[in-house]
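For reference, the structure discussed in these notes is given below.
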Amino acid sequence: QLQASGGGLVQAGGSLRLSCAVSGGTFNAYVMAWFRQAPGKEHEFVAAISLSGGRIYYADSVKGRFTMSRDNAKNTVYLQMNSLKPEDTAAYYCAASTKVAMPTTPTMYNYWGQGTQVTVSS
């Protein structure tokens, strides 16, 4: 089970930190990722992190502004979002994959959290 939290309303240029707590299963056996979905749009890949946290891959749209991390001792992944823009407004979902690679396609992820809303005002 994945439980995402930390969303909210923030002004452009502000910051938010999302968390995703994972229960059940073996956390350090999952590649973890964040996706987002704006109204009327499909899921968009945001970032993915390897099993150990040593490799992280970001979408070009968030590179340099967002930082993903994981704490395997706490079974939690994080997404630090800085310099937020109105176009970052979306529901943010954490996802877990048993694939060895770090997929960017939503269908490659086995488990999903419920989503947390991020709204950035201009």
Side-chain angles (χ1 to χ4, degrees):
Q1 187 175 11
L2 283 67
Q3 182 73 37
S5 61
L9 174 63
V10 64
Q11 288 188 332
S15 298
L16 283 174
R17 189 193 195 204
L18 306 184
S19 299
C20 176
V22 179
S23 59
T26 305
F27 178 72
N28 60 8
Y30 298 134
V31 166
M32 298 297 298
W34 289 96
F35 289 82
R36 64 188 182 186
Q37 187 176 28
K41 295 188 176 181
E42 296 183 350
H43 279 92
E44 177 191 10
F45 171 79
V46 175
I49 191 167
S50 63
L51 303 183
S52 67
R55 289 183 298 129
I56 307 170
Y57 179 65
Y58 297 98
D60 287 343
S61 58
V62 306
K63 200 173 294 182
R65 300 187 298 121
F66 291 10
T67 302
M68 186 175 184
S69 60
R70 69 188 294 162
D71 185 337
N72 285 352
K74 295 183 178 180
N75 288 3
T76 302
V77 292
Y78 305 96
L79 186 67
Q80 177 67 44
M81 305 186 295
N82 298 329
S83 302
L84 282 162
K85 304 175 181 179
E87 52 263 44
D88 293 319
T89 295
Y92 282 70
Y93 297 85
C94 57
S97 174
T98 55
K99 304 295 182 183
V100 175
M102 296 165 60
T104 61
T105 306
T107 55
M108 300 298 283
Y109 285 81
N110 309 82
Y111 309 104
W112 289 80
Q114 85 288 3
T116 184
Q117 180 66 35
V118 172
T119 303
V120 184
S121 62
S122 57

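What's counted below: heavy atoms across the whole structure, side chains too, no hydrogens, waters or symmetry copies.
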Expected list for residues 95-105: side-chain donor-acceptor pairs under 3.5 angstrom, two or more places apart:
from  : atom 1 : to     : atom 2 : distance (Å)
Ser97 : OG     : Lys99  : N      : 3.0
Ser97 : OG     : Met108 : O      : 3.0
Thr98 : OG1    : Asn110 : OD1    : 3.3

Within-4.5 Å side-chain heavy-atom neighbours: Gln3 and Gln114 = yes

Heavy-atom side-chain contact between Tyr109 and Phe35 under 4.5 Å = yes

Can you run down the salt bridge (Lys or Arg N to Asp or Glu O under 4.0 Å) pairs that involve residues 24-37, sequence neighbours left out, and say none if there aren't any?
-> Arg36-Glu44, Arg36-Asp88

Pair listing, ring pair (Phe, Tyr, Trp, His ring centres under 6.0 Å) test, anchored in residues 70-103, at least two apart = His43-Tyr93

For Pro106 and Trp112, work out which heavy atoms get closest and say how close.
->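 So the two residues come closest at O-CZ2, 3.4 Å.
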
Show me, pair by pair, the donor-acceptor contacts under 3.5 angstrom made by side chains of residues 7-32, not counting sequence neighbours?
from  : atom 1 : to    : atom 2 : distance (Å)
Ser15 : OG     : Asn82 : OD1    : 2.9

Using the rule that two of Ile, Leu, Val, Met, Phe, Trp, Tyr join whenever any of their side-chain heavy atoms come within less than 4.5 Å, decide whether Phe45 and Val118 are in one cluster.
->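 Hydrophobic grouping puts Phe45 apart from Val118.
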
Do Gln37 side-chain atoms and Ala90 backbone N/O form a donor-acceptor pair below 3.5 Å?
-> no

Using a 3.5 Å cut-off and no angle test, enumerate the donor-acceptor pairs between side-chain atoms of residues 49-63 and protein atoms at least two apart in sequence or in another chain.
from  : atom 1 : to    : atom 2 : distance (Å)
Ser50 : OG     : Gly53 : N      : 3.4
Ser50 : OG     : Gly54 : N      : 3.3
Ser50 : OG     : Arg55 : N      : 3.0
Ser50 : OG     : Arg55 : O      : 3.4
Ser52 : OG     : Gly54 : N      : 3.2
Tyr58 : OH     : Met68 : N      : 2.9
Asp60 : OD1    : Lys63 : NZ     : 3.1

Inter- and intrachain pairs under disulfide (SG to SG under 2.5 Å), touching residues 50-79, at least two apart =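 For residues 50-79: none.
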
